[in-house]
Asks: 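Sharing a structure below in structure tokens format, with a few things to ask.
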Amino acid sequence: MADRLADAAGQAALRHFRQRDIGLENKDRDGFDPVTRADREAEAAMRALLAAARPDDGILGEEEGAQTGRSGLTWVLDPIDGTRAFVAGAVSWGVLIALDAGDGPVMGLIDQPFTGERFRGGLGRAEHSHNGTTSPLGVRPCPDLAQATLMTTFPEVGTLAERARFDAVKARCRLTRYGLDCYAYALLALGQVDLVIEAGLAPYDIQAPIAVVEAAGGRITDWSGRPAHRGGRAVAAGDPRVHAQALEILAQI
């Protein structure tokens, strides 16, 4: 079902990607929180499929909110994670789909329809598909922050106090890259980077990445080491040693 949802959302989003008129609106009166026609159409396409195939399941989506179900399962949908990237014509946005059984995701999918990449995790799967070829996902070892590559959406997100904690981790890392949204978690699961730190997340931002990263052998918690599936602050790592070192710094907030 998740692949069908991703196919439908991707088709809807690609109709508008890198087009002149994407129906851009701002959801934040005091800042800039963009939403586009692609966001709304992609989520509507997924909801229509679920209404037909899984009518008893709940839905939590970024654009249309929560719909209570009867099965105990909830589909957690972010039709375009990284709308700012989408608006700018960059390819680091993605479709996020997770299935929450009540205590967090049992399955998740990160899809980048423009590049043809799909990252799946959970229910016995940890795999990366690209243009018809599928290979296993797996995080890489990294024993120390001094050897780590860190990714984040800071400074766009978070408070000043959160930014200070992030900067303290960053100061100990070898390399930091910014602004890749959900694609950063995909790269971590692929074994290309070691650490992702974010704040200000909603459940639909983090549930699919949790499933993918954990299926690949990594770990995601909040900054206190607790489950992160309800959103807020998150730290993801491929190696438990780097996760523990980052957590020691972040938990001081």
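In what follows, residues are counted from 1 in the order of the sequence shown. What you see is a predicted model; the values in this text were computed from it and never measured.
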Asks: Would the distance check show the side chain of Arg84 and the main-chain N or O of Phe32 forming a donor-acceptor pair, the cut-off being under 3.5 Å?
Replies: yes
Asks: Using every non-hydrogen atom in the two residues, find where Phe119 and His128 come nearest and quote the distance to one decimal.
Replies: CE2-CD2, 3.3 Å
Asks: Report the distance from atom CZ of Arg233 to atom OG1 of Thr221, rounding to the nearest 0.5 Å.
Replies: 12.0 Å
Asks: What distance do Arg219 atom CZ and Leu188 atom CG have between them, rounded to the nearest 0.5 Å?
Replies: 13.5 Å
Asks: Quick one: are Trp75 and Leu99 in side-chain contact, heavy atoms under 4.5 Å?
Replies: yes
Asks: Would Leu96 and Leu5 show up in the same hydrophobic cluster when neighbours are defined by side-chain heavy atoms closer than 4.5 Å?
Replies: no
Asks: Between Phe154 and Tyr178 (judged by ring centroids, cut-off 6.0 Å), do the two rings come close enough to count as a pair?
Replies: no
Asks: Could you check whether Ser129 and Arg120, counting side-chain N and O atoms only, form a donor-acceptor pair closer than 3.5 Å?
Replies: yes
Asks: Give a yes or no on whether Ile210 and Leu137 share a hydrophobic cluster (residues Ile, Leu, Val, Met, Phe, Trp, Tyr; joining criterion: side-chain heavy atoms under 4.5 Å apart).
Replies: yes
Asks: Examine the side chains of Glu198 and Thr153 and answer whether a donor and an acceptor come within less than 3.5 Å of each other.
Replies: yes
Asks: Report whether Phe114 and Tyr183 are members of the same hydrophobic cluster (ILVMFWY, side-chain heavy atoms less than 4.5 Å apart, transitive linking).
Replies: no
Asks: With a 3.5 Å distance limit and no angle check, can you tell me whether Glu43 reaches the backbone of Glu64 through a side-chain donor-acceptor pair?
Replies: yes
Asks: So which heavy atom on Val213 is nearest to which on Tyr185, and how close?
Replies: CG2-O, 3.7 Å
Asks: Show, in sequence, the C-alpha distance, side-chain angles and deciding distance for Leu50 and Met1, and conclude whether the side chain to side chain contact (heavy atoms under 4.5 Å, CB included) test is met.
Replies: CA-CA 9 Å; Leu50 289 170; Met1 189 69 212; 4.1 Å; yes
Asks: Check whether any side-chain heavy atom of Glu63 sits under 4.5 Å from a side-chain heavy atom of Val35, and report yes or no.
Replies: yes
Asks: To the nearest 0.5 Å, how far apart are CE in Met151 and CG in Leu175?
Replies: 7.5 Å
Asks: Heavy-atom count check: over 12 atoms from other residues, nucleotides or ligands less than 6.0 Å from Arg4 CZ?
Replies: no
Asks: If every non-hydrogen atom of Glu162 is compared with every non-hydrogen atom of Ala199, which pair is closest and at what distance?
Replies: OE1-CB, 3.5 Å
Asks: For the residue pair Asp57 and Ser71, confirm or rule out a side-chain donor-acceptor distance under 3.5 Å.
Replies: yes
Asks: Give a yes or no on whether Phe166 and Leu247 share a hydrophobic cluster (residues Ile, Leu, Val, Met, Phe, Trp, Tyr; joining criterion: side-chain heavy atoms under 4.5 Å apart).
Replies: yes
Asks: Under a 3.5 Å distance rule, please check whether Trp223 uses its side chain to pair with a backbone N or O of Ala234 as donor and acceptor.
Replies: yes
Asks: Would you say that Ile59 contacts Leu77 through its side chain, given a criterion of any heavy-atom pair below 4.5 Å between the two side chains?
Replies: yes
Asks: Would you say the side chain of Arg40 lies within less than 4.5 Å of the side chain of Pro79, judging by non-hydrogen atoms?
Replies: no
Asks: Hey, could you give me the OG1/CG distance between Thr68 and Asp56, rounded to the nearest 0.5 Å?
Replies: 12.5 Å
Asks: Check residues 87-94 and write down every donor-acceptor pair under 3.5 Å in which the side-chain atom is one partner and the other belongs to a residue at least two apart or another chain.
Replies:
unit_1 : atom_1 : unit_2 : atom_2 : d
Trp93  : NE1    : Ala90  : O      : 3.4

Asks: Is there a donor-acceptor pair closer than 3.5 Å between any side-chain N or O of Asn26 and the backbone N or O of Gly31?
Replies: yes
Asks: Show your reasoning for whether side chain to side chain contact (heavy atoms under 4.5 Å, CB included) applies to Arg177 and Val193.
Replies: CA-CA 10 Å; Arg177 303 296 295 166; Val193 304; over 6 Å; no
Asks: Identify, with sequence neighbours excluded, every residue that meets ring-ring contact (aromatic ring centres under 6.0 Å, His included) alongside His229.
Replies: none
Asks: Is it the case that the side chain of Ser224 and the backbone of Arg226 share a donor-acceptor pair, with hydrogens and angles ignored and the cut-off at 3.5 Å?
Replies: no
Asks: What's the shortest heavy-atom distance between Ile220 and Ala236, and which atoms?
Replies: CG1-CB, 3.3 Å
Asks: Taking the side chain from Asp194 and the backbone from Cys142, do they hold a donor-acceptor pair closer than 3.5 Å?
Replies: no
Asks: When Gln245 is tested against each of Leu145, Val169, Asp239 for side chain to side chain contact (heavy atoms under 4.5 Å, CB included), which residue passes?
Replies: Leu145
Asks: At their closest point, which heavy atom of Val235 faces which heavy atom of Ala246, and how far apart are they?
Replies: CG2-CB, 4.2 Å
Asks: For the atom pair CG (Leu150) and CZ (Arg174), what is the distance rounded to the nearest 0.5 Å?
Replies: 12.0 Å
Asks: Output, in order, the C-alpha distance, side-chain angles, deciding distance and verdict of side chain to side chain contact (heavy atoms under 4.5 Å, CB included) for Arg37 and Gln19.
Replies: CA-CA 11 Å; Arg37 191 176 296 119; Gln19 300 300 306; over 6 Å; no
Asks: Is the number of heavy atoms from other residues, nucleotides or ligands within 6.0 Å of CG (Asn131) greater than 12?
Replies: yes
Asks: Find out whether Cys173 and Leu195 are in side-chain contact, i.e. whether some heavy atom of one side chain is under 4.5 Å from a heavy atom of the other.
Replies: yes
Asks: Nearest heavy-atom pair of Arg47 and Gly65: which atoms, and what distance?
Replies: NH2-O, 2.6 Å
Asks: Could you walk me through whether Arg118 and Asp7 satisfy the side chain to side chain contact (heavy atoms under 4.5 Å, CB included) test, starting with their C-alpha distance in whole Å, then the side-chain angles of each, then the deciding distance to 0.1 Å, before giving a yes or no?
Replies: CA-CA 10 Å; Arg118 187 165 294 176; Asp7 288 343; 2.7 Å; yes
Asks: With side chains defined as the heavy atoms from C-beta onward, is the minimum distance between Val95 and Met46 less than 4.5 Å?
Replies: yes
Asks: For a quick check under 3.5 Å, do His130 and Ser135 share a side-chain donor-acceptor pair by atom type?
Replies: no
Asks: Under 4.5 Å between side-chain heavy atoms, hopping through other hydrophobics if needed: is there a path connecting Val139 to Leu187?
Replies: yes
Asks: Atom CD in Gln147, atom CZ in Arg172: separation rounded to 0.5 Å?
Replies: 12.0 Å
Asks: Can you spot which of Arg163, Lys170, Arg165 makes a side chain to side chain donor-acceptor pair (under 3.5 Å) with Asp167?
Replies: Arg163
Asks: Is the side chain of Thr83 donor-acceptor paired with the backbone N or O of Phe86 at a distance under 3.5 Å, no angle test?
Replies: no
